Amino acid sequence: MEVKFKGNPAKLSANTVKFGDKAPKVSLVAKDLSQVEVGGASGVYQIINVVPSLDTGVCATQTRKFNEEATKLANAKVYAVSLDLPFAQGRFCSTEGIENLITLSDFRAKDFGKAYGLILESSPLAGLLARAVIVVNPQGEVSYVEVCEEVTNEPDYQKALEAVNK
């Protein structure tokens with residue numbers, strides 16, 4: 001799949017998960033360095049908010065928006081996944097008052113990026129994750145996926161939330 005960064009083509013490393021796929025279960029690193037699994041059947045919806053880096057304005061906005069929406073969701077866990085180090089994610093959450101979602105880092109082996117097909121192979125952001133939102137239903141199937149065509153644009157929050165509020 002190809003996306004764009006500031007209008008220029010940016011290739012992704014693998015095929016991105018699609019609607020109806022089984023969501024790969026992947027272990028990521030939380031702010032306290034513990035392991036947290038995303039994907040797979042969990043009995044609740046999972047909103048996986050994927051951003052290149054929390055240090056950018058659009059990524060911060062996207063994460064703040066999902067943090068705000070997380071308080072309205074009774075049957076969902078909301079995650080923010082990036083390659084930022086867990087320590088940087090912790091600082092971001094403290095500074096921004098992010099308390100309703102779980103930030104997770106894919107820095108160790110990029111297992112999430114590989115399994116979900118979201119590692120940027122080209123562009124100045126090569127090696128980072130593309131901007132995306134993936135919703136996994138309680139049975140572990142992908143019920144919504146949006147890979148932002150332009151990495152610098154925000155996702156369609158409403159469509160992602162509708163996948164949870166059916």
Side-chain angles (χ1 to χ4, degrees), residues 3-6 10 12-13 16-17 23-40 42 44-136 144-161 164:
V3 295
K4 294 182 178 166
F5 176 66
K6 296 186 176 180
L12 294 180
S13 60
T16 305
V17 294
K25 189 176 269 193
V26 179
S27 184
L28 296 164
V29 183
K31 294 182 294 187
D32 64 0
L33 301 180
S34 65
Q35 297 290 309
V36 174
E37 286 186 338
V38 298
S42 68
V44 297
Y45 282 92
Q46 299 170 64
I47 297 176
I48 307 171
N49 164 44
V50 186
V51 297
S53 174
L54 294 171
D55 281 333
T56 68
V58 177
C59 297
T61 297
Q62 180 176 335
T63 302
R64 283 191 299 266
K65 177 69 174 172
F66 277 113
N67 180 65
E68 177 185 313
E69 293 296 330
T71 63
K72 304 171 190 171
L73 302 170
N75 190 30
K77 287 189 177 180
V78 183
Y79 303 98
V81 175
S82 72
L83 287 169
D84 295 303
L85 292 176
F87 315 111
Q89 291 177 337
R91 275 193 310 278
F92 172 81
C93 289
S94 293
T95 302
E96 297 290 332
I98 304 294
E99 298 175 348
N100 305 313
L101 61 74
I102 300 165
T103 55
L104 299 171
S105 180
D106 195 25
F107 83 98
R108 286 196 176 135
K110 297 185 181 180
D111 290 337
F112 176 85
K114 292 172 187 171
Y116 283 77
L118 293 172
I119 299 173
L120 290 163
E121 276 192 343
S122 60
S123 89
L125 299 181
L128 293 178
L129 298 172
R131 182 176 317 286
V133 179
I134 299 160
V135 177
V136 179
Y144 177 81
V145 61
E146 177 187 6
V147 178
C148 294
E149 185 177 322
E150 170 57 58
V151 175
T152 60
N153 291 345
E154 293 176 59
D156 187 330
Y157 303 107
Q158 197 56 43
K159 283 187 180 176
L161 295 168
V164 173

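For the numbers below, each heavy atom of this structure counts, side chains included, while hydrogens, waters and symmetry mates do not. Bear in mind the structure is a predicted one, so any value in this text is a computation, not a measurement.
We find the OG1-CG distance between Thr71 and Leu101 to be 10.5 Å, quoted to the nearest 0.5 Å. Atom-to-atom distance recorded for Phe112:CZ and Ile119:CD1 is 10.0 Å, nearest 0.5 angstrom. Taken from CG in Leu28 to OH in Tyr79, the straight-line distance is 9.5 Å, to the nearest 0.5 Å. Here the OG1-CG distance, from Thr95 to Leu54, works out to 11.0 Å after rounding to the nearest 0.5 Å. The CG atom of Asn100 sits 11.0 Å away from the NZ atom of Lys72 when rounded to the nearest 0.5 Å. Taking SG from Cys148 and CZ from Phe5, the interatomic distance works out to 13.5 Å, rounded to the nearest 0.5 Å.
The one candidate from Val38, Thr16, Ile47, Leu118 that meets the side-chain contact (heavy atoms from CB on, under 4.5 Å) condition with Ile134 is Leu118.
Under a 3.5 Å cut-off, the side chain of Arg131 and the backbone N or O of Val151 do form a donor-acceptor pair. Checked by atom type and distance alone, the side chain of Asp106 never pairs as donor or acceptor with a backbone atom of Ser82 at under 3.5 Å. At least one donor-acceptor pair closer than 3.5 Å links the side chain of Asn67 to the backbone N or O of Glu99. For the pair Glu149 (side chain) and Val3 (backbone), a donor-acceptor distance under 3.5 Å is absent. Between the side chain of Tyr157 and the backbone N or O of Phe66, no donor-acceptor pair lies under 3.5 Å. Gln89 places no side-chain N or O within 3.5 Å of a backbone atom of Leu83 that could act as its donor or acceptor partner.
Scanning both residues, Leu120 and Ala10, for their nearest heavy atoms gives CD2-CB, 4.1 Å. For Pro155 against Glu146, the heavy-atom pair with the smallest separation is CB-OE1, 3.4 Å. The shortest heavy-atom contact between Gly39 and Ile48 is N-CD1, 4.4 Å. Across Val136 and Gly40, no two heavy atoms sit closer than the pair CG1-O, 3.9 Å. Summarising the geometry of Leu128 relative to Pro52, their closest heavy-atom pair is CD2-O, 3.9 Å, with the distance given to 0.1 Å. Counting all heavy atoms, side chain and backbone alike, Glu121 lies closest to Ala126 at O-CB, 3.6 Å.
In this structure, a donor-acceptor pair under 3.5 Å is present between the side chains of Ser27 and Gln35. Under the 3.5 Å distance criterion, with hydrogens and angles disregarded, a donor-acceptor pair is assigned to the side chains of Asn49 and Gln62. Under the 3.5 Å distance criterion, with hydrogens and angles disregarded, no donor-acceptor pair is assigned to the side chains of Glu154 and Thr61.
Using a 4.5 Å heavy-atom threshold, the side chains of Val78 and Leu73 count as touching. Looking at heavy atoms from C-beta onward, Val145 lies out of side-chain contact with Val135 at the 4.5 angstrom threshold. Side-chain contact between Ser13 and Lys114 is absent, with no heavy-atom pair separated by less than 4.5 Å. Using a 4.5 Å cut-off on side-chain heavy atoms (C-beta onward), Thr63 and Phe92 make contact. Between Val29 and Leu104, the closest side-chain pair of non-hydrogen atoms is not below 4.5 Å. Using a 4.5 Å heavy-atom cutoff, the side chains of Val81 and Leu129 are in contact. Using a 4.5 Å heavy-atom cutoff, the side chains of Tyr144 and Lys159 are in contact.
Salt bridge Glu68/Arg64: absent, no basic N to carboxylate O contact under 4.0 Å.
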Pair Ser53-Asp84, side chain to side chain donor-acceptor pair (under 3.5 Å): steps then yes or no: CA-CA 6 Å; Ser53 174; Asp84 295 303; 2.8 Å; yes
